[in-house]
Protein chains: 2
Amino acid sequence: MIRVVVVDDHKIVRQGIIAYLNTVQSIEIVGEASSGHEAVELVRDLQPDVVLMDLVMENGTGVDATKEIMRFLPDCKIIILTSYYDDEKVFPAIEAGAFSYLLKTASANDIVEAIHKAMNNENVIEPKVASKVISGIQGQSKKPHQQLTKRELEVLLCIGNGMTNQEISDKLYIGIKTVKTHVSNILAKLGVHDRTQAAVYVHRNRLLE
Amino acid sequence: MIRVVVVDDHKIVRQGIIAYLNTVQSIEIVGEASSGHEAVELVRDLQPDVVLMDLVMENGTGVDATKEIMRFLPDCKIIILTSYYDDEKVFPAIEAGAFSYLLKTASANDIVEAIHKAMNNENVIEPKVASKVISGIQGQSKKPHQQLTKRELEVLLCIGNGMTNQEISDKLYIGIKTVKTHVSNILAKLGVHDRTQAAVYVHRNRLLE
DNA sequence: TTTTTTATCCGTCTAAAGTCTGAAATTTTA
DNA sequence: TAAAATTTCAGACTTTAGACGGATAAAAAA
């Protein structure tokens with residue numbers, strides 16, 4: 001029996017989910033919560049296998065609850081069940097420790113499947129969300145220059161135009177020492193050894209144009 | 001009366017030209033030659049205003065004759081009359097001092113006109129030849145890097161790849177001082193101030209790829 | 001609110017880059 | 001053959017780049 005806790009601030013939603021899950025033999029609903037805080041306490045007491053967690057709630061968000069739960073019960077599989085799939089929701093949730101990410105457009109059967117897969121350590125991610133996650137991963141291994149700060153990028157483009165530190169200093173109205181600091185940081189981030197290679201980098205990656 | 005000498009190693013060509021020119025009031029044929037050497041001697045004696053010169057002849061080329069004539073009679077207008085219009089013929093001829101350049105496909109009237117214009121210090125250049133001359137002039141003001149020597153171009157491409165002087169020195173098996181000399185010359189020829197700008201130049205002009 | 005990131009700046013120091021002058025050997029061109 | 005361009009290298013010198021350590025204030029994120 002898979003012990004499940006359902007968290008959602010809308011009672012009608014909880015009831016719908018619970019009603020269906022109770023028809024599934026392998027699943028046992030051991031508790032329900034209507035807020036993040038409530039959820040944390042409930043999970044601490046019940047130590048469930050799975051938590052179905054809404055993200056947007058009135059008292060305490062699902063992300064905070066997820067973070068908190070992972071702290072004392074890291075093996076608990078938290079399945080996010082929400083209607084949002086924008087960056088601002090998805091990444092923090094996954095970062096917080098969510099195991100799967102479902103949208104409320106998912107069928108009841110999808111939820112059951114996700115619970116079963118969670119017990120087999122299989123993640124489930126909605127297609128719409130998956131693309132976000134992928135681009136998020138790409139964000140991790142993004143091109144060197146994309147991890148530059150705005151100012152550093154400005155300086156880099158100047159280098160790409162063949163400007164000297166002094167010229168950059170004059171153009172951006174900052175001290176030459178500051179320019180040097182930026183240049184050093186840029187070289188480190190790009191993984192090159194001098195400004196000439198940085199300039200080559202700019203052109204090879206078509207950063208100008 | 002415009003005093004003209006006709007130079008061509010084919011008697012039939014000379015006769016044809018002379019026959020027509022004799023019908024022109026303002027023109028007087030004062031002599032004819034069948035080789036470059038002969039032409040030089042004839043011109044030295046007769047001091048004509050105009051020389052109609054073939055380029056390809058058996059004894060002594062028209063280019064050499066032209067050069068020689070310009071040495072002792074620089075005001076003499078030498079009109080090249082030939083069937084060739086390739087680079088190897090055109091440039092040496094003009095460089096030697098030819099005043100106009102006609103093709104043998106020109107009409108008799110074109111020749112007369114060229115002679116008259118020559119007396120008014122107007123050059124005549126066949127359209128087909130003109131394009132060569134233009135690109136020749138462009139050759140004078142060709143892209144900076146095209147006036148680099150082979151070695152300098154090698155070094156420049158290394159710079160375009162972000163290499164340091166030491167690395168270039170190692171790669172080309174030459175001293176670092178030599179590299180510096182090349183770099184300085186390159187910077188001067190390209191009109192840039194440092195190697196970074198040189199690298200930018202390389203990429204802007206797509207010298208690599 | 002506390003912490004982290006960002007943008008700014010200083011001084012010192014070393015290595016690299018670049019200039020200038022001069023020069024010798026080789027190759028190319030006239 | 002003579003003249004010009006190319007390639008090579010040297011010494012002395014100046015300037016620029018870049019590394020390293022440290023520091024501060026503002027902005028953004030946790």
Side-chain angles (χ1 to χ4, degrees), chain A residues 60-61 63-68 70-71 87-88 91-97 146-156 158-159 162-200, chain B residues 61 63-64 66-68 70-71 88 91-97 139 146-156 158-159 162-200:
Chain A
T61 72
V63 171
D64 293 331
T66 301
K67 246 184 253 179
E68 188 63 20
M70 292 315 289
R71 201 167 295 163
D87 291 17
E88 289 69 30
F91 295 125
I94 292 175
E95 196 174 8
Q146 290 179 313
Q147 68 193 45
L148 294 181
T149 66
K150 277 186 184 178
R151 202 52 154 173
E152 287 168 347
L153 186 59
E154 274 189 280
V155 174
L156 177 60
C158 287
I159 293 174
M163 293 170 74
T164 64
N165 288 336
Q166 185 59 59
E167 288 169 336
I168 296 171
S169 159
D170 293 341
K171 185 187 179 191
L172 301 182
Y173 301 108
I174 56 179
I176 195 172
K177 297 289 179 63
T178 306
V179 177
K180 284 191 175 191
T181 301
H182 287 316
V183 171
S184 283
N185 292 333
I186 290 167
L187 298 184
K189 287 184 180 178
L190 296 188
V192 298
H193 295 96
D194 54 52
R195 67 171 44 230
T196 305
Q197 291 187 350
V200 171
Chain B
T61 71
V63 172
D64 293 331
T66 300
K67 246 183 254 180
E68 186 64 20
M70 291 316 289
R71 202 167 295 162
E88 288 71 28
F91 295 124
I94 292 176
E95 196 174 9
Q146 291 178 313
Q147 69 193 45
L148 294 181
T149 66
K150 277 186 185 177
R151 203 53 155 173
E152 288 167 347
L153 186 58
E154 274 189 280
V155 173
L156 176 60
C158 288
I159 293 174
M163 295 171 73
T164 64
N165 288 336
Q166 186 59 60
E167 288 169 337
I168 296 171
S169 159
D170 293 342
K171 186 188 178 191
L172 301 183
Y173 302 107
I174 55 180
I176 195 171
K177 297 289 180 63
T178 306
V179 177
K180 284 192 176 191
T181 301
H182 286 317
V183 172
S184 282
N185 291 334
I186 290 166
L187 298 183
K189 287 184 180 178
L190 295 187
V192 298
H193 295 94
D194 54 52
R195 67 172 43 229
T196 304
Q197 291 188 350
V200 171

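Naming convention: chains lettered A, B, ... in sequence-line order (proteins, then strands); numbering from 1 in each chain.
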Nucleic acid contacts - residues 170-179 of chain B versus DNA chain D, non-hydrogen atoms under 4.0 Å: I174(B), G175(B), K177(B), T178(B)

For L187(A) against R195(A), the heavy-atom pair lying closest together: CD2-N, 4.0 Å

Heavy-atom side-chain contact between I174(A) and R151(A) under 4.5 Å: yes

Contact check, side chains of L190(A) and L156(A), non-hydrogen atoms, under 4.5 Å: yes

Nucleotide N/O to protein N/O under 3.5 Å, stretch nucleotides 18-28 of chain C:
unit_1, atom_1, unit_2, atom_2, d
dG18(C), OP1, R195(B), N, 2.5
dG18(C), OP2, R195(B), NE, 2.8
dG18(C), OP2, R195(B), NH2, 3.4
dG18(C), N7, K180(B), NZ, 2.9
dG18(C), O6, K180(B), NZ, 3.1
dT19(C), OP2, S184(B), OG, 2.6

Spacing between E68(A) atom CD and dA30(D) atom P, to the nearest angstrom: 17 Å

H193(A) side, atom NE2; M163(B) side, atom CE - distance, nearest 0.5 Å: 13.5 Å

Closest contact, heavy atoms only, E152(B) versus I186(B): O-CD1, 3.2 Å

Residue pairs passing the side-chain hydrogen bond (donor to acceptor under 3.5 Å, both in side chains) test where at least one lies in residues 172-181 of chain A, sequence neighbours excluded: none

First encountered from the 5' end of DNA chain D, between M163(A) and R151(B): R151(B)

Residues which pass side chain to side chain contact (heavy atoms under 4.5 Å, CB included) with I176(A), listed by chain and number, not counting sequence neighbours: N165(A), Q166(A), S169(A)

The helix from dT1(C)-dA30(D) to dA30(C)-dT1(D): angle between end helix axes, five pairs per end, rounded to 10 degrees: 60°

Length of the line joining D64(B):CG and dA30(C):C1', which is rounded to integer Å: 12 Å

Side-chain heavy atoms of H182(B) within contact of T149(B), under 4.5 Å: no

H182(A) NE2 - dT5(C) P separation (whole Å): 17 Å

T196(A) versus I159(B), closest heavy-atom pair with distance: CG2-O, 3.8 Å

All salt bridge (Lys or Arg N to Asp or Glu O under 4.0 Å) counterparts of E167(B), not counting sequence neighbours: none

